Amino acid sequence: MQGYGETRAKAQEVDTPDPDERIRELCEENRRLRKQIRQLKAAAAKKKVEFSKLVFLGVSIVTIAITVFSCRMIWLTMDTSALAYLIPAVFAEMASATGFYYTKAKAENKIKIMAASGVQPEPSNFNEF
């Protein structure tokens with residue numbers, strides 16, 4: 001009767017290919033994976049930032065800068081009259097930019113989902129909000 005160790009050793013002998021062949025297979029797979037990584041890095045490097053994201057980022061930075069500047073000037077001058085005009089104007093611009101950006105993103109996401117499911121995008125698909 002064979003022991004557990006003997007049975008396991010025989011199973012490994014049957015399943016284990018030639019070590020040199022296994023090394024060659026692993027080298028080939030390593031080359032293939034490295035090539036795939038290079039292709040993914042190249043694709044990621046070519047991706048440009050969308051103009052709408054740049055506009056949204058710019059409006060956000062201006063809004064934060066004006067808010068900080070207003071708070072600083074109010075602290076120094078002890079006059080809050082500027083808040084009545086400046087802050088609402090800046091945040092109205094921020095609200096408009098945010099609304100347009102999210103509407104554009106929603107339309108782009110619809111197109112991506114339709115393409116993934118094999119549906120052809122049509123103008124009538126984008127009429128409802």
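These figures come from a predicted structure and were not determined experimentally. Computed from heavy atoms alone, side chains included, the values below leave out hydrogens, waters and symmetry copies.
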- Query: With a 4.5 Å heavy-atom cut-off, do I66 and L86 have their side chains touching?
  - Reply: yes
- Note on the structure: So SG of C71 and CD1 of I87: to nearest 0.5 Å the spacing works out to 6.5 Å
- Note on the structure: d(C27 SG, R22 CZ) to nearest 0.5 Å is 11.0 Å
- Message: Closer than 4.0 angstrom, basic N to acidic O: yes or no for R24 and E28?
- Response: no
- Report the distance from atom OG of S70 to atom CH2 of W75, rounding to the nearest 0.5 Å. 15.5 Å
- Kindly indicate, with the supporting measurements, whether the criterion salt bridge (charged side-chain N to carboxylate O under 4.0 Å, His left out) is fulfilled by K112 and E108. CA-CA 6 Å; K112 289 176 188 176; E108 288 173 349; 5.4 Å; no
- Approximate separation, where rounding is to 0.5 Å, of R72 CZ and T77 OG1: 10.5 Å
- Query: At what distance, to the nearest 0.5 angstrom, does CG of N30 lie from CD of E25?
  - Reply: 13.5 Å
- Are side-chain heavy atoms of T63 and E93 found at a separation under 4.5 Å? no
- Message: Any heavy-atom pair between the side chains of Y101 and V55 that's under 4.5 Å?
- Response: no
- Task: Quick one: closest heavy-atom pair of A84 and P88, and the distance?
- Result: O-CG, 3.5 Å
- Pairwise distance CD(E29) to CZ(R34) - rounded to 0.5 angstrom: 12.5 Å
- Query: Can you check whether M94 reaches F56 side chain to side chain, under 4.5 Å on heavy atoms?
  - Reply: yes
